[in-house]
Amino acid sequence: MVKKAKVKKTNDERILDQHNIAYQETQFNWLTNGKDALAEAEASGISSTSILKTIVLKGSDDARDYLVVCLPLEYEINLKKIANELGKKQIHLADNKNLIKITGYIHGANTPIGINVRKGFPIYFDERIKPFEQISVSAGKVGRSVRLKQEDLIKLVKGKYLKIE
C-alpha cells in the first residue's frame with residue numbers, strides 16, 4: 001500500500017486556519033518555469049492578473065518605515081506614483097540581501113499574510129485586483145501559493161487599496 005505524502009503546512013497556511021479563512025494551496029515552479037507557470041495557471045482557469053507578487057518597500061522617513069505592496073505579477077511597480085499616493089518624499093525597494101531580517105522571508109517567499117501578522121507592516125493592494133473575487137499570494141515558501149477570497153485577505157491584513165498604475 002502506497003502512502004500519500006502529507007504536505008507540511010506553511011506558517012501562513014496555519015495563520016489562515018487559525019482565522020477560519022478558506023483557501024486552496026497551489027504549487028508552481030516559478031524559478032524554472034516562469035512564464036510556463038503563468039500559462040499553467042491560466043490553463044487551470046486562474047487569471048494571471050489575480051496572482052499577486054509581494055514587494056517590500058522602504059520609506060525614507062525613518063529606519064522602521066517599511067510597507068508592503070501587492071500587485072499582479074505582470075505589472076511593474078511605480079515607486080514615484082506610490083510615494084505620491086502615500087504622501088511620502090521617496091520610496092525605495094527594500095534591500096534584497098536583508099529581506100529575511102526585515103520580513104522573516106527570503107526573496108520569492110514574501111507574503112502579506114505573515115509580514116502583517118509578524119511585523120505589522122502596512123499592506124497595500126493594487127486597486128486593479130478589485131474585480132477578482134479570488135486572488136493568489138505566496139504561502140510563505142518559494143513556489144507555493146494560497147488562493148483565497150480577496151475580501152478575506154484584505155480584512156485579515158487590514159489592507160488598503162492603492163492606485164499603482
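Computed from a prediction, not measured in an experiment: that's the story for all the values here. Residue numbers start at 1 and run along the sequence shown.
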Check your understanding: Would you say the side chain of Ile91 lies within less than 4.5 Å of the side chain of Glu85, judging by non-hydrogen atoms?
Key -> no
Review point. More than 12 foreign heavy atoms under 6.0 Å from NZ of Lys155: is that the case here?
Key: no
Point to revise | Donor-acceptor pair, side chain of Asn110 and main chain of Thr54, under 3.5 angstrom | key: no
Check your understanding: Just wondering, are more than 12 heavy atoms of other shown residues or ligands nearer than 6.0 Å to NZ in Lys53?
Key -> yes
Check your understanding: Quick one: do Ile115 and Ile135 end up in the same hydrophobic cluster if we chain Ile, Leu, Val, Met, Phe, Trp and Tyr together by side-chain heavy atoms under 4.5 Å apart?
Key -> yes
Check your understanding: Are Leu79 and Ile102 co-members of a hydrophobic cluster defined by side-chain heavy atoms under 4.5 Å apart?
Key -> no
Exercise for review: Just do the side chain to side chain contact (heavy atoms under 4.5 Å, CB included) check on Thr26 and Val146 with the steps written out, would you?
Suggested key: CA-CA 6 Å; Thr26 57; Val146 287; over 6 Å; no
Point to revise | Reported CG-to-CD1 distance for the pair Leu73 and Ile51, which is rounded to 0.5 angstrom | key: 6.0 Å
Exercise for review: May I ask you to test the Phe125-Lys160 pair for a side-chain heavy-atom distance under 4.5 Å?
Suggested key: no
Point to revise | Polar side chain donor-acceptor pair, Asp126 to Tyr161, under 3.5 angstrom | key: no
**Study point:** Contact check, side chains of Tyr66 and Val56, non-hydrogen atoms, under 4.5 Å
**Key:** yes
Practice item. Quick one: pull up CG in Leu148 and CG in Leu153 and give me the separation to the nearest 0.5 Å. Key: 5.0 Å
**Study point:** Rounded distance (nearest 0.5 Å) linking atom NZ of Lys141 with atom CD of Glu13
**Key:** 9.5 Å
Review point. Is there side-chain contact between Cys70 and Ile55, with at least one heavy-atom pair below 4.5 Å?
Key: no
Point to revise | Inter-residue atom distance Ile82.CD1 - Leu162.CG, 0.5 Å rounding | key: 6.0 Å
Review point. Is it true that a side-chain atom of Gln150 and a backbone atom of Ile129 form a donor plus acceptor pair closer than 3.5 Å?
Key: yes
Exercise for review: May I ask whether Leu67 and Val157 are part of the same hydrophobic cluster, defined by side-chain heavy atoms of I, L, V, M, F, W, Y residues being less than 4.5 angstrom apart, directly or through others?
Suggested key: no
Practice item. Consider only side-chain heavy atoms of I, L, V, M, F, W and Y, link residues closer than 4.5 Å, and tell whether Phe132 and Val69 are in one cluster. Key: no
Practice item. Go through Glu74 and Thr49 one step at a time and tell me if the side chain to side chain contact (heavy atoms under 4.5 Å, CB included) criterion holds. Key: CA-CA 7 Å; Glu74 57 202 36; Thr49 311; 3.0 Å; yes
Study note, to complete from the structure: Note: His107 and Val142 closest approach over all heavy atoms is O-CG2, 3.9 Å
Point to revise | 4.5 Å side-chain heavy-atom contact, Val68 and Lys119 | key: no
Revision key, fill the gap. CD1 of Ile113 to OH of Tyr105, rounded to nearest 0.5 Å, is 8.0 Å
Exercise for review: With the side chain counted from C-beta on, respond yes when Leu99 and Ile106 share a heavy-atom pair under 4.5 Å apart, and no when they do not.
Suggested key: no
Practice item. For Arg14, check side-chain hydrogen bond (donor to acceptor under 3.5 Å, both in side chains) against everything at least two apart and list the hits. Key: Asn11
**Study point:** Side chains of Ile77 and Leu57 in contact at under 4.5 Å (non-hydrogen atoms)
**Key:** yes
Exercise for review: May I ask you to check whether Glu25 and Ser145 show a side-chain donor-acceptor distance below 3.5 Å?
Suggested key: no
Check your understanding: So, do Tyr75 and Ile164 sit near enough that their side-chain heavy atoms are less than 4.5 Å apart?
Key -> no
Check your understanding: What pairs with Ser50 under side-chain hydrogen bond (donor to acceptor under 3.5 Å, both in side chains), at least two apart in sequence or on another chain?
Key -> Arg147
Point to revise | Presence of salt bridge, Lys9 and Asp17, under 4.0 angstrom | key: yes
Review point. Under 3.5 Å, is there a donor-acceptor pair between the side chain of Asn78 and the main chain of Lys81?
Key: yes
Exercise for review: Treat each ILVMFWY residue as a node, draw an edge where side-chain heavy atoms are under 4.5 Å apart, and state whether Leu156 and Tyr124 are in one component.
Suggested key: no
Check your understanding: Does His92 NE2 have over 12 foreign heavy atoms under 6.0 Å away?
Key -> yes
Review point. About how many Å separate CD1 of Ile154 and CD1 of Ile123, when rounded to the nearest 0.5 Å?
Key: 9.5 Å
